[in-house]
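Here's the structure, in structure tokens; my notes come after.
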Amino acid sequence: MIPSSFAYHRASSVDDAIAALVEHGEEAKLLAGGHSLLPLMKLRLANPEVLVDLGRLGELRGIELDGDVVRIGALTRHHDLETSAVLAQHAPLLAHAAGHVGDPQVRHRGTLGGSLAHGDPASDLPSVLLAMGGSVLVRGPSGDRTIDGDDLFTGFLETAIAPDELAVEIRIPSAAGAGWSFQKLTRRAQDWAIVGCAVQQRGAGAVGAAGAAGSSLTAAGIGLVHMDSRPVRAAAAEAALVGGAAPSEAAELAAEGASPPSDTSASSDFRAHLARVLVGRALSEAATGQRSP
């Protein structure tokens, strides 16, 4: 289908983009990579009157280490995440997951900020933000504010980012040497995940220490893909690890508190089963550092 008509504004700066959002209110939508918004427009599920194009704002691109925090510009593309030397050392979970988003065309256009701001529960990268304990810096007419990852996703395709705000930076704690894993099941490589999960070891202990200790994790962030109406964490499984449960025991609680959807790809019960299986694999891999083939 062809999208309905709209006005187009190419932002010359972040302040210019915010001014356009203030002027047009909820009738305006931000355009970054376009891989989330444009399909919705073609299906007439989104009908913005004004598109504010952020594509030429180079100030919103880049990856740098600032102390023990990795700072990533919101317009940084998935391919740049995948190939970043900084992320390879300090956030390998994010680099790995970005390399499994869609296909090469999507990865060369899609952006981290766009993926998070879209808030799709079937998207891969929101689960990574939750697992790693990241946050998003947003800017609006009242200035900057930081939204913790746990507070970002408020409903189906809804986030805590206000209509007159835009994401400018994602902040991820450095996880150099810590265990991690990303697992997902798809029908085809480029499809949305039927279910997926991201696991990031928390607290002290690197991969070598965890592996030498015999596949044990005492704390981990676990983000789930396609297990609720919004991106969520496997809070019960995380709490079980802290309480001393073995990874296999914690994985049995992966679906607790979640409301997985039923659709043509899988039933709710099957998604819950998949979550337990994939979280079990991910916790084992994060503990040992031994990557699945």
Side-chain angles (χ1 to χ4, degrees), residues 30 32-37 39 54 60-63 69-84 86-88 90-138 147-154 156-161 166-173 175 180-186 189-200 221-234 278-279 282:
L30 296 172
H35 284 283
S36 297
L37 177 60
L54 305 177
L60 295 184
R61 292 192 179 92
I63 303 169
V69 174
V70 180
R71 300 172 57 182
I72 307 168
L75 289 188
T76 303
R77 296 188 175 107
H78 304 322
H79 175 73
D80 298 321
L81 302 174
E82 178 186 5
T83 57
S84 166
V86 172
L87 294 188
H90 294 277
L93 169 59
L94 177 56
H96 177 83
H100 287 74
V101 172
D103 54 28
Q105 180 181 6
V106 170
R107 294 195 291 272
H108 278 82
R109 292 296 302 170
T111 65
L112 176 58
S115 177
L116 298 179
H118 188 51
D120 193 331
S123 183
D124 297 333
L125 299 187
S127 71
V128 176
L129 182 78
L130 293 174
M132 298 197 72
S135 61
V136 177
L137 178 71
V138 300
I147 305 174
D148 187 80
D150 287 334
D151 300 323
L152 180 62
F153 308 108
T154 58
F156 181 65
L157 303 184
E158 296 179 349
T159 71
I161 303 174
L166 64 103
V168 295
E169 185 176 273
I170 292 82
R171 295 174 177 174
I172 302 287
W180 59 273
S181 179
F182 181 75
Q183 304 281 333
K184 69 175 178 178
L185 178 67
T186 61
Q190 69 268 31
D191 286 348
W192 296 103
I194 298 174
V195 170
C197 68
V199 167
Q200 177 65 64
I222 307 171
L224 298 176
V225 181
H226 219 162
M227 279 295 291
D228 210 303
S229 60
R230 61 188 179 91
V232 294
R233 287 167 58 183
L278 295 180
V279 169

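Because the structure is a prediction, the values reported are computed rather than measured.
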Euclidean distance, Ile170 CD1 relative to Leu112 CG, rounded to 0.5 Å: 4.0 Å

message: If I compare all heavy atoms of Arg230 with all of Phe153, which pair ends up nearest, and what's the gap?
response: NH1-O, 3.2 Å

Between side-chain atoms of residues 120-131 and protein atoms elsewhere (two or more places apart, or another chain), which donor-acceptor pairs fall under 3.5 Å?
from   : atom 1 : to     : atom 2 : distance (Å)
Asp120 : OD1    : Ala122 : N      : 2.9
Ser123 : OG     : Ser115 : OG     : 3.1
Asp124 : OD2    : Lys184 : NZ     : 2.7
Ser127 : OG     : Asp124 : O      : 2.6

- request: Please say which of Leu137, Val136, Asp148, Ile72 ends up in a side chain to side chain contact (heavy atoms under 4.5 Å, CB included) with Arg171.
  value: Leu137

query: Which pair of heavy atoms, one from Leu278 and one from Val195, lies closest together, and at what distance?
result: CD1-O, 3.4 Å

task: Considering non-hydrogen atoms only, spot the tightest contact between Leu75 and Thr111 and give its length.
output: O-CG2, 3.5 Å

Minimum heavy-atom distance Leu87-Ala95, with the two atoms named: CB-CB, 4.0 Å

query: Hey, does Phe182 have a side-chain heavy atom less than 4.5 Å from the side chain of Leu93?
result: yes

query: How long is the span from the NE2 atom in His96 to the CH2 atom in Trp180, to the nearest 0.5 Å?
result: 5.0 Å

- prompt: Backbone N or O of Ala175 within a donor-acceptor pair of the His90 side chain at under 3.5 Å?
  reply: no

- request: Would you mind reporting whether His108 and Arg77 have side-chain heavy atoms less than 4.5 Å apart?
  value: no

query: Hey, what do you get for CD (Gln183) to NE2 (His100), rounding to the nearest 0.5 Å?
result: 9.5 Å

field: Backbone of Asp80 reached by a side-chain donor or acceptor of Ser84 within 3.5 Å
entry: no

message: Among residues at least two apart in sequence or on other chains, which ones pass salt bridge (Lys or Arg N to Asp or Glu O under 4.0 Å) with Arg61?
response: none

task: Indicate yes or no: does Glu82 engage Arg107 in a salt bridge with an N to O separation below 4.0 Å.
output: yes

Ser135 side, atom OG; Ile172 side, atom CD1 - distance, nearest 0.5 Å: 7.5 Å

- prompt: What closest approach, in Å, do Thr159 and Ala117 show between heavy atoms, and which atom pair accounts for it?
  reply: CG2-O, 3.3 Å

- prompt: Taking the side chain from Thr76 and the backbone from Gly62, do they hold a donor-acceptor pair closer than 3.5 Å?
  reply: yes

message: To check you understand the geometry: which heavy-atom pair defines the closest contact between His79 and Thr83, and what is its length?
response: O-OG1, 2.9 Å

message: Within the structure provided, determine whether Asp150 and Leu152 are in side-chain contact (heavy-atom separation under 4.5 Å).
response: no

- prompt: Do Leu166 and Ile161 come within less than 4.5 Å of each other through their side chains, counting heavy atoms only?
  reply: no

task: Step by step, work out the side-chain contact (heavy atoms from CB on, under 4.5 Å) result for Val106 and Val101.
output: CA-CA 7 Å; Val106 170; Val101 172; 4.1 Å; yes

